[in-house]
Amino acid sequence: MLNFRHSVVFRLVLSYGVLVLLTVGIASVVFYVNTSGLLLRNVDRQLGAESRRLAELHKEQGLLALQKEIGALLSDDENIETEEFLLLDANGVKLAGNLSSWPVFDTSDDGIIDERSVTRLNKPSHSRLLPRRLDDGTVLVVGRDMRDLNELARVIRTALAIGISTAFVLALIGAAIFRWNLEHQLGVIHRTTREIGAGNLRKRIAVGRGHDEFARIGRDVNRMLDDIERLMHTARTVSNAIAHDLRTPLGRVRGALENALHFKVPEQQLRETAHSAIAEIDGVVDLFDKLLQISEAEAGVRRQSFSDFPLAKVGADIVELYAAAAEAADMTLEFNADAAPLIHGDRDLIANLLANLLDNAIKYAGPNTRIVVRVSTHGEHARIVVQDNGKGMRADKLERAIERFYRGDTGRSLPGNGLGLAIVAALVSLHEGTLRLEDAQPGLRVVIDLPLASASMPA
């Protein structure tokens, strides 16, 4: 059973509903208060204006003129349902007006009397009254029957109550739709992740062409799943390659040692067997050394040894070192430096990077080919280009060439274990550079861009 206290969807829906109701409630209260206040202010202004006019008339023309004016106002057929007038002498005796009973008036402050019960034309009335004491002691009362305005206020209250109730129902419906939509979207992600957890790594979240937050999350999760699937495929490939590259030399070592134990062989042959076994074991050790280099490069272990050094000098030294090997393989090895860029990195690792590239070129380009190593400056980067005009590599293999243990010769007829370009890629990443493999038509072109010393050093 769903625990609503721990449900994000429930909390969001509850917050949404409460916010809608609070908004509607506050808006309704503000509307009602402002509307009723406006009506009362209009009534008070009218009462005040009429009271001042009649008081001025009394001051200028006397009590008789005031009595006549009140009589005229009550007989002019205007506002006959709401107007109220009362004129009392100093002793409280009625002189004029349409009120037959009234409360005791306190005229000390001449303020508005709100909602008092009076009798008007022999009918009870709830009125708003403004009493005023005149100079001769008489009391003038101007009032208004409030039944129509009270009815209007009641209608407004009823309308607001209906509006709030409707808003409450709509908020419930909106909250239900909101909850369903959220749970539907989250349910899709939840079911997909459950299937993936059960082993179906090809399952993906269906996002369609949407651009909302859930679609973006779905695409991010799908990209993550693609990376996980790729990494697991790589791990399986690496495991198979390691098993193959270890089983073959270890099998040869075991066979040689077993022959040496079971058969009487000359001492010279025993020595040759021992040397062969040592060579095979050295190959296994070299395999693990290369894997360790890749792991260290990816973990950034060697960054503490970085320093500024000239790239062209390292390139020239490595080319000179491999010149004899290229000549022995009937290849031409050239070095060109269009500039003398200074980079920030590990000199030995960059030398190892170039050595792996030249080793691959000499191994795979084929005889009677030309290998060119070029160092130049390209914008804020130092560029290394290693290019040959040999057999090259198909376009579909270029993308996979930097994978660990990937080899273009599926038959593994050539020596090596497919880690050379993987080491290069890891070292380039360690130095925050970029690596591209291109078809040189003919041959292969490897392009590496490394940040210059000034660009790679922190400001």
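Along the sequence shown, residues carry numbers from 1.
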**Message:** Just by distance, no angles: are the side chains of Asn352 and Asn356 close enough, under 3.5 Å, to form a donor-acceptor pair?
**Reply:** yes
**Request:** Determine whether more than 12 heavy atoms belonging to other residues, nucleotides or ligands lie under 6.0 Å from atom CZ of Arg436.
**Result:** yes
**Message:** Just so I know, are the side chains of His431 and Ile350 near enough to count as touching, which here means a heavy-atom distance under 4.5 Å?
**Reply:** yes
**Message:** Taking Asp220 first and then Arg223, would you say they form a salt bridge - that is, a charged N and a carboxylate O separated by under 4.0 Å?
**Reply:** yes
**Asked** Looking at the rings of Phe309 and His344, which for Trp means the six-membered one, are their centres under 6.0 Å apart?
**Response** no
Would you list the atom pairs, donor with acceptor, under 3.5 Å between side chains in residues 156-178 and any protein atom, with sequence neighbours excluded?
from   : atom 1 : to     : atom 2 : distance (Å)
Arg157 : NH1    : Tyr32  : OH     : 2.8
Thr158 : OG1    : Arg154 : O      : 2.9
Ser165 : OG     : Ala161 : O      : 2.8
Thr166 : OG1    : Ile162 : O      : 2.8

**Asked** Taking only residues two or more places apart in sequence, or in another chain, which ones meet Glu334 in a side-chain hydrogen bond (donor to acceptor under 3.5 Å, both in side chains)?
**Response** Arg370
Donor-acceptor pairs are to be reported for all side-chain atoms of residues 17-26 against protein atoms at under 3.5 Å, with residues two or more places apart or in another chain.
from  : atom 1 : to    : atom 2 : distance (Å)
Thr23 : OG1    : Leu19 : O      : 2.7

**Asked** Among Leu333, Leu354, Val314, whose side chain to side chain contact (heavy atoms under 4.5 Å, CB included) with Val319 holds?
**Response** Leu333
**Request:** For the residue pair Asp145 and Ser125, confirm or rule out a side-chain donor-acceptor distance under 3.5 Å.
**Result:** yes
**Item:** Arg445 bridged to Asp388 by N-O distance under 4.0 Å
**Value:** no
**Heavy-atom side-chain proximity of Leu129 to Glu84 below 4.5 angstrom** = yes
**Asked** Donor-acceptor pair, Asp359 side chain versus Ala355 backbone, under 3.5 Å?
**Response** no
**Prompt:** Can Arg132 and Ser51 be counted as having a side-chain donor-acceptor contact under 3.5 angstrom?
**Reply:** yes
**Request:** For a side chain to side chain contact (heavy atoms under 4.5 Å, CB included) with Ile448, tell me which candidate from Val386, Leu357, Thr434 qualifies.
**Result:** Leu357
